[in-house]
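Working notes, beginning with the structure itself.
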Amino acid sequence: MSSPESQSVADTLVQWQKVAGRQHLPWQNTGDAYRVWLSEVMLQQTQVTTVLGYYDRFLKAFSTVTALAQASEEEVMQLWAGLGYYTRARNLHACARQVLTRFGGEFPRDVAALESLPGIGRSTAGAIASLSWGLAAPILDGNVKRVYCRLFGVEGYPEQTAVKRELWAIAERELGRQAPGVYNQALMDLGATVCTPKNPNCAKCPLMKRCVALKKGMVGQLPQPKPKKPRPSQYFVALAVRSKHGEVGLTARQGKGVWRGLWMWPHLSLEGVDQVVDWPELAPLLQEIGLQADERQQAELVRQLKALNRQDWLVHELTHRKMHFKVLALDGVSGGDLVALSDRAVPRLVHKIMEQLGWT
DNA sequence: AAATCGTGGTT
DNA sequence: TAACCAAGATT
């Protein structure tokens, strides 16, 4: 599988890609910047298998960037719901609108102009330019960072500014300028299928003979992992309300925290498990969904609250923290500003809570 | 510059 | 099974 050392990295990879690279992903070889862009944004920090279904649904709903631009933000958020990193969805929509208003509905064939669009950074711009049109622009995603760190023995973790600068310089230098799209695709495919994070298959690697990490016996050490910090735990009480017709009491998340703009059960932060919570703290949650609890409902909620110590918390893990929820529930209520769940963009947690309640 | 932002696949 | 981390961008 290994090539002569006289052949350049780029030539070796381009040759390898044609026989061993991935070929059949739906956005590949379309020459369509809209499809490449849509897939690239969805693939940010997200695995291919997770993206496939979302990609199909988006393309079915919006066949062109103009169609996407003309949709409402709420429509876009609903289609994106469950995929995570929701700022991507808002930027996707904003980007589509800018493509329409600034560039007449066609993505600009220019890396700098692409980077000026919301949600498109340097790597995504390079991917769009090279994969759609064959322009000479490098990419630097997780796969490529890993390949370069090993191939050239780059130490320090890739999130560091100096290391990142070095990796971009390598990416510029090594870019296969005869076939930039194929070269970039090869880098990603190599990282995804051969030069994997764990148990890399060096025997199958076309760059085996020139890999610095392999030569030094450091493949398992590179790229150097980012120092990990403890994930703080946060505790909440959430209120789940449902009518007898199945409408639910959701509110739109305000501010700039997690799930901004999505709909969630009203909830309050506990700042630590020991804090005493009683009816005065719960009443505002009902107010958020336009509900005034009668005495029976009030007593029921307080009863559920007191059982806090004996009931397991529902844990929802995010990248940087663990969220623990105590769920209070009222079923079969009437009144309030309840909504149809199918009409709202909601995070997975909303469904997770319904499952715990048996509201399925 | 370091933190933030979701969720799920893989090992 | 708990840790790792995935076609990163933004602030």
Side-chain angles (χ1 to χ4, degrees), chain A residues 21-22 25-28 35-55 77 80-92 94-95 114-132 137-147 157-165 167-168 171 181 184-193 196-200 220 223-232 234 253 255-262 264 315-323 345-352:
Chain A
R22 293 176 292 188
L25 297 174
W27 46 83
Q28 284 184 308
R35 295 173 193 235
V36 174
W37 164 69
L38 182 60
S39 68
E40 285 298 329
V41 173
M42 288 183 168
L43 286 161
Q44 288 165 6
Q45 303 290 272
T46 310
Q47 297 190 173
V48 170
T49 53
T50 305
V51 163
L52 287 170
Y54 283 89
Y55 176 82
M77 296 309 292
W80 195 275
L83 194 53
Y85 284 156
Y86 297 98
T87 296
R88 291 184 297 171
R90 267 187 303 279
N91 282 338
L92 189 84
C95 180
L114 287 171
E115 272 195 75
S116 77
L117 291 162
I120 300 182
R122 187 173 178 187
S123 188
T124 299
I128 296 169
S130 63
L131 299 174
S132 307
I139 62 171
L140 193 60
D141 63 21
N143 287 315
V144 180
K145 287 174 186 167
R146 184 170 57 254
V147 169
Y157 54 95
E159 289 78 11
Q160 284 177 306
T161 304
V163 177
K164 213 183 297 179
R165 186 166 54 236
L167 288 170
W168 271 114
N184 284 338
Q185 188 66 56
L187 273 177
M188 294 189 285
D189 290 356
L190 188 73
T193 64
T196 48
K198 293 172 186 171
N199 308 321
Q224 192 175 305
K226 187 166 90 170
K228 48 176 180 270
K229 279 165 299 183
R231 247 184 329 182
Q234 297 176 328
R253 299 266 306 166
K256 50 184 298 182
V258 72
W259 302 317
R260 173 160 53 106
L262 276 71
M264 237 300 272
V315 181
H316 190 77
E317 305 198 28
L318 282 63
T319 306
H320 296 286
R321 54 183 194 255
K322 281 186 179 180
M323 304 175 83
V346 299
R348 291 283 189 205
L349 176 60
V350 168
H351 297 292
K352 200 189 284 190

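To find a chain, count down the sequence lines: A is the first, B the second, and so on, and within it residues start at 1.
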Quick check on DNA chain C: between A:Lys228 and A:Ile120, whose nearest nucleotide comes earlier from the 5' end?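 It is A:Lys228 whose nearest nucleotide is closer to the 5' end.
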
For DNA chain C, whose closest nucleotide is more 5', that of A:Lys256 or that of A:Lys145? A:Lys145

Side-chain N or O of A:His316 versus OP1/OP2 of B:dT7: is the shortest distance under 4.0 Å? yes

Does A:Trp80 put a side-chain nitrogen or oxygen below 4.0 Å from OP1 or OP2 of B:dT7?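 No, because none of the side-chain N or O atoms of A:Trp80 sits under 4.0 Å from OP1 or OP2 of B:dT7.
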
Considering only the [atom1] atoms, how many Å lie between [N] and [M], rounded to the nearest integer?
N     : M     : atom1 : answer
B:dG8 : C:dA9 : P     : 22 Å
B:dC5 : C:dC5 : C1'   : 15 Å
C:dA7 : B:dA3 : C1'   : 22 Å

Using a 4.0 Å heavy-atom cut-off across all strands, classify [X] as base, sugar-phosphate, or nothing.
X        : answer
A:Arg90  : nothing
A:Thr46  : base
A:Glu317 : base
A:Gly191 : nothing
A:Leu25  : base
A:Trp27  : base
A:Ser39  : nothing
A:Arg321 : sugar-phosphate
A:Thr161 : sugar-phosphate
A:Leu83  : base
A:Pro347 : sugar-phosphate

How many whole angstroms separate atom [atom1] of [X] from atom [atom2] of [N]?
X        : N     : atom1 : atom2 : answer
A:Leu318 : B:dG8 : CG    : P     : 11 Å
A:Met323 : B:dC5 : CE    : C1'   : 12 Å
A:Tyr85  : B:dT4 : OH    : P     : 12 Å
A:Lys229 : B:dA1 : NZ    : P     : 14 Å
A:His320 : B:dA2 : NE2   : C1'   : 10 Å

Min and max contacting nt of DNA chain C in 5' to 3' order, chain A heavy atoms within under 4.0 angstrom, are C:dC4 to C:dT10

For the atom pair NE2 (A:His316) and NZ (A:Lys352), what is the distance rounded to the nearest 0.5 Å? 5.0 Å

Inter-residue atom distance A:Leu117.CG - A:Leu92.CG, 0.5 Å rounding: 11.0 Å

Note, A:Tyr85 side chain near A:Gln45 side chain (heavy atom, < 4.5 Å): yes

Quick check: closest heavy atoms across [X] and [Y], and the distance to 0.1 Å?
X        : Y        : value
A:Ala137 : A:Asn184 : O-ND2, 2.9 Å
A:Thr196 : A:Arg146 : C-NE, 3.6 Å
A:Met188 : A:Leu131 : CE-CD1, 4.1 Å

My understanding is that only residues two or more places apart in sequence, or in another chain, count here; which of them pass salt bridge (charged side-chain N to carboxylate O under 4.0 Å, His left out) with A:Arg231? A:Glu317

Between A:Asn91 and A:Arg88, does any side-chain donor sit less than 3.5 Å from a side-chain acceptor? no

At a cut-off of 3.5 Å, list every protein nitrogen or oxygen paired with a nitrogen or oxygen from nucleotides 9-11 of chain B, distance to 0.1 Å.
unit_1	atom_1	unit_2	atom_2	d
B:dG9	O4'	A:Gln47	NE2	2.9

Return the set of residues passing side chain to side chain contact (heavy atoms under 4.5 Å, CB included) with A:Glu115 (not counting sequence neighbours), or none when no residue passes.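 A:Glu115 satisfies side chain to side chain contact (heavy atoms under 4.5 Å, CB included) with A:Val111, A:Arg122, A:Ala125 once adjacent residues are dropped.
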
Closest-nucleotide 5' rank along DNA chain B - winner of A:Gln44 and A:Tyr157: A:Tyr157

Restricting to ring-ring contact (aromatic ring centres under 6.0 Å, His included), what partner residues turn up for A:Tyr54, sequence neighbours left out?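 With sequence neighbours excluded, A:Tyr54 shows a ring-ring contact (aromatic ring centres under 6.0 Å, His included) to no residue whatsoever.
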
Got a sec, which residues hit ring-ring contact (aromatic ring centres under 6.0 Å, His included) with A:Trp27, two or more places apart in sequence or on another chain? A:Tyr55

